[in-house]
Amino acid sequence: MKKRVEACQHFFEVVKNEIIFILKDDGVMLILFGAIFIYSTLYSMAYHNQVVRNEPIAIVDLDQTSTSRSLIRAVDATPQVRVKYEVSSLHEAEQLFFARKIYGCLLIPYNYEKDILSGRQVFVSMYADAGYFLMYKQMLAATTNVIGTENIRIEMANFISSGVSGEMAKALAEPVVPAPVVLYNTIEGYATFVMPAIMILILQQALLLSIGMIGGTFRERKLYCRLMDVQQKPYSVFNVVIGKALAYFVFSLLISIVVFGIYYKLFHYPDRGAFIDVTLFFIPYLLSVIFLSLTISAFFRYRETSVLVLVAWSIPFLLFSGVSFPKEGMPEWFYSFGKIIPSSNAIDGFIRMEVMGATLKEVLEQYRMLWILTGVYFLTAMIALRVRLHKEVPRCLDKKH
């Protein structure tokens with residue numbers, strides 16, 4: 001009974017000391033609270049417009065007829081692009097492009113109107129900067145839609161001139177009418193696509209960095225000496241791991257409530273998941289990240305080392321998730337390897353729940369994987385801290401003697 005009481009005392013001592021240490025460490029507080037809110041705000045504000053509009057382009061109209069000018073007006077009327085320059089040659093358009101004043105160019109050839117009236121095929125050339133995929137997509141969509149509409153208009157005019165009624169001419173000119181239905185991301189916005197994943201990743205990175213910094217500080221300042229009882233015996237590794245994890249879990253849960261309960265709704269990101277389902281899903285995610293962070297933190301000798309090592313991993317972590325680049329384009333082993341990272345499973349499940357409206361039962365694969373990672377990283381944290389305690393505590397005793 002006495003041992004159990006002592007174990008409980010040691011456990012609560014670890015929790016209390018860890019919370020106090022977090023609150024007193026300005027660097028950790030800056031990352032754990034400041035960085036999350038700063039990055040969430042900056043990313044959300046940067047992507048607030050969601051869709052690229054009024055992309056500046058140039059027109060090279062070699063025909064200079066009423067038909068070509070009608071095409072130019074139609075292109076300029078689209079929300080995606082705006083005709084900023086009308087130049088006389090491709091060379092002039094090229095100079096504007098290299099000066100970054102435009103991001104594309106539309107070339108209307110000689111005899112454009114004459115060839116259309118003669119029934120000959122006409123080629124309208126589009127030059128677009130594919131180095132910026134979002135801009136390339138907007139120009140491609142604008143020009144193809146306008147030219148497609150122009151083709152239908154010309155076909156209808158030809159049918160009507162041959163004696164076909166207006167309704168029949170329309171049906172003949174456009175026999176198949178596409179009816180696209182955009183699911184989930186109805187405005188086709190970039191923020192709606194990427195920010196749910198980014199917020200999950202920001203939370204993971206903040207925990208990794210803050211816990212890594214504390215691990216490096218413990219080793220650098222010989223703070224592992226505090227994890228001993230009055231008899232100079234180290235605390236139970238189980239109590240140390242669970243105590244530290246509980247302290248971080250309280251902070252991370254509070255941060256998650258603020259970020260996903262306020263920020264997420266403030267910027268109007270998709271929120272179709274049930275509150276209870278999302279909360280239950282977050283529990284193993286936070287625990288798995290915390291235990292992974294505790295495992296890694298035991299290897300840092302200095303607090304600055306954690307920042308240098310872990311900051312660079314944010315981009316690979318996003319890549320592993322299959323959001324920035326679709327998993328169908330990756331080697332299967334590469335995507336499967338990424339599943340050892342908690343954020344990969346959490347991003348997949350969170351997007352299904354919040355963006356697509358899935359229930360917890362429908363993301364059981366990701367949910368189970370997060371609990372498996374929680375168990376695995378709990379064991380690795382136990383091993384890593386056991387090794388660290390066995391190395392650091394004897395040094396503390398040697399100094400005292």
Side-chain angles (χ1 to χ4, degrees), residues 31-32 35-36 39-40 43 193-215 241 244-245 248-249 251-253 255-256 259-260 278 280-300 305-355 358 360 363-385:
I31 291 176
L32 199 56
I36 288 180
Y39 279 114
S40 297
Y43 278 117
F193 155 67
V194 78
M195 279 308 297
I198 291 292
M199 284 185 164
I200 292 286
L201 193 61
I202 289 173
L203 181 58
Q204 176 178 273
Q205 284 298 102
L207 285 170
L208 283 169
L209 285 169
S210 56
I211 297 175
M213 286 177 66
I214 290 177
V241 172
K244 282 176 172 284
Y248 294 119
F249 184 77
F251 281 101
S252 60
L253 190 60
I255 293 168
S256 300
V259 171
F260 294 96
V278 175
L280 291 174
F281 186 81
F282 257 78
I283 291 173
Y285 171 59
L286 295 176
L287 289 175
S288 60
V289 174
I290 289 168
F291 288 134
L292 172 61
S293 304
L294 288 173
T295 302
I296 297 172
S297 68
F299 295 95
F300 294 127
T305 309
S306 64
V307 179
L308 295 174
V309 172
L310 295 173
V311 165
W313 278 95
S314 57
I315 300 302
F317 287 163
L318 182 62
L319 182 62
F320 281 135
S321 69
V323 173
S324 64
F325 188 77
K327 64 180 182 179
E328 290 77 11
M330 300 181 189
E332 184 63 30
W333 66 267
F334 185 85
Y335 180 73
S336 299
F337 177 76
K339 289 297 183 180
I340 67 173
I341 308 300
S343 59
S344 297
N345 303 279
I347 288 172
D348 193 5
F350 183 74
I351 288 176
R352 290 169 187 256
M353 296 175 77
E354 287 288 71
V355 179
L360 189 61
V363 294
L364 276 181
E365 180 183 348
Q366 293 78 18
Y367 190 57
R368 288 196 192 104
M369 189 62 188
L370 286 173
W371 277 117
I372 292 171
L373 291 178
T374 298
V376 170
Y377 290 135
F378 169 72
L379 294 176
T380 58
M382 290 273 290
I383 295 170
L385 283 174

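If you read the sequence from its start, that first residue is 1, and numbering goes on from there.
- For the pair Val278 and Met353, the tightest heavy-atom approach, listed with the atom from each and the gap, is N-CE, 3.6 Å.
- Proximity of a side-chain donor or acceptor of Gln204 to a complementary backbone N or O of Leu286 within less than 3.5 Å is not detected.
- Side-chain atoms of Thr380 come within 3.5 Å of backbone N or O of Tyr377 as a donor-acceptor pair.
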TODO: Determine, step by step, whether Glu354 and Phe260 satisfy the side-chain contact (heavy atoms from CB on, under 4.5 Å) criterion, reporting the C-alpha distance in whole Å, the side-chain angles of both residues, the deciding distance to 0.1 Å, and the verdict.
DONE: CA-CA 10 Å; Glu354 287 288 71; Phe260 294 96; 5.9 Å; no
side-chain contact (heavy atoms from CB on, under 4.5 Å) between Leu294 and Tyr248, worked out = CA-CA 10 Å; Leu294 288 173; Tyr248 294 119; 4.1 Å; yes
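- Ring geometry, Tyr367 versus Phe281: the interplanar angle falls under 30°, so the pair is classed parallel (tilted spans 30 to 60°).
- When ring centroids are compared, Phe320 and Tyr335 stay outside the 6.0 Å threshold.
- Nearest heavy-atom pair, Phe291 versus Thr295, reported as atom, atom and distance to 0.1 Å: O-OG1, 2.8 Å.
- For CZ of Phe249, the number of neighbouring non-hydrogen atoms (other residues, nucleotides, ligands) closer than 6.0 Å is greater than 12.
- Judged by distance alone, with hydrogens and angles left aside, the side-chain atoms of Tyr285 form a donor-acceptor pair with the main-chain N or O of Ile200 at under 3.5 Å.
- Residues Ser336 and Trp333 form no side-chain contact, since every pair of their non-hydrogen atoms from C-beta on lies 4.5 Å or further apart.
- Annotation for Gly212 and Ser297: closest pair CA-CB, 3.9 Å, computed over non-hydrogen atoms.
- Expressed to the nearest 0.5 Å, how far CZ of Arg352 lies from CG of Leu360 amounts to 13.0 Å.
- Between the Thr374 side chain and the Pro284 main chain, a donor and an acceptor come within less than 3.5 Å of each other.
- The number of heavy-atom neighbours closer than 6.0 Å to CZ of Phe337, taken from other residues, nucleotides and ligands shown, is 12 or below.
- Residue Leu287 holds its CG atom at 7.5 Å from CD1 of Ile283, rounded to the nearest 0.5 Å.
- No side-chain heavy atom of Lys244 sits less than 4.5 Å from a side-chain heavy atom of Ile290.
- For the pair Ala197 and Ile351, the tightest heavy-atom approach, listed with the atom from each and the gap, is CB-CD1, 4.3 Å.
- Nearest heavy atoms, Leu373 versus Asn345: CD1-ND2, 3.5 Å.
- Side-chain atoms of Ser344 come within 3.5 Å of backbone N or O of Gly338 as a donor-acceptor pair.
- The line from CE of Met369 to CG of Leu364 is 14.5 Å long, rounded to the nearest 0.5 Å.
- Rounding to the nearest 0.5 Å gives a distance of 11.5 Å between CG of Leu207 and OG of Ser343.
- Contact between Gly349 and Val363 at its shortest, heavy atoms only, is O-CG1, 3.9 Å.
- Contact annotation: the side chain of Ser321 never approaches that of Asp348 to less than 4.5 Å [non-hydrogen atoms, C-beta and beyond].
- We find the CG-CG distance between Leu208 and Leu201 to be 9.5 Å, quoted to the nearest 0.5 Å.
- The line from CG of Leu209 to CD1 of Ile214 is 11.5 Å long, rounded to the nearest 0.5 Å.
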Leu319 and Met330: side-chain contact (heavy atoms from CB on, under 4.5 Å), yes or no, with the steps?
CA-CA 10 Å; Leu319 182 62; Met330 300 181 189; 4.1 Å; yes
